[in-house]
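The structure displayed is predicted, hence computed values, not measured ones.
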Amino acid sequence: MVNSSAGVSRREIGLVTWLIAVYVVAAVATVGVLVALTVLAPAQATNEAWGHAVVVAVFAALLHVRWRAAKRGNARARTATGVIAAVLVVVNIVEAAVPGFFPPWMRVEMLAMAALMVAVALLILGRRR
């Protein structure tokens with residue numbers, strides 16, 4: 001487990017674990033919403049939205065796996081988790097800012113996901129010196 005010598009408290013470990021779990025659930029929920037929208041409102045389930053949702057789901061799985069390794073004491077996995085979170089912040093904000101490329105509901109989803117990843121990145125990378 002990541003310990004205080006690595007600069008992360010048990011409370012912070014629990015918080016990062018919870019934030020990543022919320023990210024994973026939101027990623028799966030986004031795919032579920034797209035499945036429903038494909039049937040009920042196909043204009044809201046664009047190819048771009050599907051592409052984004054699949055990439056988000058892959059990164060959700062990657063974050064989960066890397067964080068599990070980090071909790072076992074792997075410093076490289078901890079750094080990788082923080083870097084992935086930081087990259088996801090930038091990508092989600094940039095994608096949400098592109099006019100007309102994604103449905104409005106997905107822009108909200110992107111900004112919410114970016115907010116989760118800001119918290120993860122700050123908790124993990126903010127302690128590095």
> How far apart are the closest heavy atoms of A77 and A70, and which atoms are they?
Replying inline: CB-N, 3.6 Å

> For atom CZ of F102, is the number of surrounding heavy atoms from other residues, nucleotides or ligands below 6.0 Å larger than 12?
Replying inline: yes

>> So which atom in V56 and which in Y23 form the shortest heavy-atom distance, rounded to 0.1 Å?
In response: CG1-OH, 3.7 Å

> What is the distance from atom CD1 of I124 to atom CE of M117, rounded to the nearest 0.5 Å?
Replying inline: 8.5 Å

>> According to a hydrophobic-cluster definition based on side-chain heavy atoms being under 4.5 Å apart (Ile, Leu, Val, Met, Phe, Trp, Tyr only), do I84 and L15 belong together?
In response: yes

> Should V120 and V89 count as side-chain neighbours, where that means a heavy-atom distance under 4.5 Å?
Replying inline: no

> Does any non-hydrogen side-chain atom of V39 lie less than 4.5 Å from one of V35?
Replying inline: no

>> Rounded at 0.5 Å granularity, tell me how far CZ in R78 sits from CG in L123.
In response: 10.0 Å

> What's the spacing between L111 CG and M106 CE if we round to 0.5 Å?
Replying inline: 12.0 Å

> Can you name the nearest heavy-atom pair linking A57 to A27, along with the distance?
Replying inline: CA-CB, 4.1 Å

> Is L122 reachable from L19 through a run of hydrophobic residues whose side-chain heavy atoms are each under 4.5 Å from the next?
Replying inline: yes

>> To the closest 0.5 Å, what do you measure between CE (M110) and CG (L88)?
In response: 11.5 Å

> Which heavy-atom pair separates P104 from Q44 by the least distance, and what is that distance?
Replying inline: CD-OE1, 4.3 Å

> Between atom CE of M113 and atom NE2 of H52, what is the distance when rounded to the nearest 0.5 Å?
Replying inline: 6.5 Å

>> Would you say V108 ends up clustered with V118 if hydrophobic residues are merged whenever their side chains have heavy atoms under 4.5 Å apart, either directly or through other cluster members?
In response: no

>> Side chains of L63 and V24, heavy atoms from C-beta outward: is any pair under 4.5 Å?
In response: no

> If you take all heavy atoms of A49 and L34, which pair is closest and at what distance?
Replying inline: O-CD1, 3.6 Å

>> To check you understand the geometry: which heavy-atom pair defines the closest contact between P103 and T46, and what is its length?
In response: CD-OG1, 4.0 Å

>> Applying a strict under-4.5 Å side-chain criterion to I, L, V, M, F, W and Y, I'd like to know whether V91 and I93 cluster together.
In response: no

> Any side-chain heavy atom of W67 sitting closer than 4.5 Å to one from I13?
Replying inline: yes

> In Å, rounded to the nearest 0.5 Å, how long is the span from CD of E95 to CZ of F101?
Replying inline: 7.5 Å

>> Check for me, please, whether L62 and I20 land in the same ILVMFWY cluster - side-chain distances under 4.5 Å, paths through other members count.
In response: yes

> Quick check: are there more than 12 heavy atoms from other residues, nucleotides or ligands sitting under 6.0 Å from CH2 of W105?
Replying inline: yes

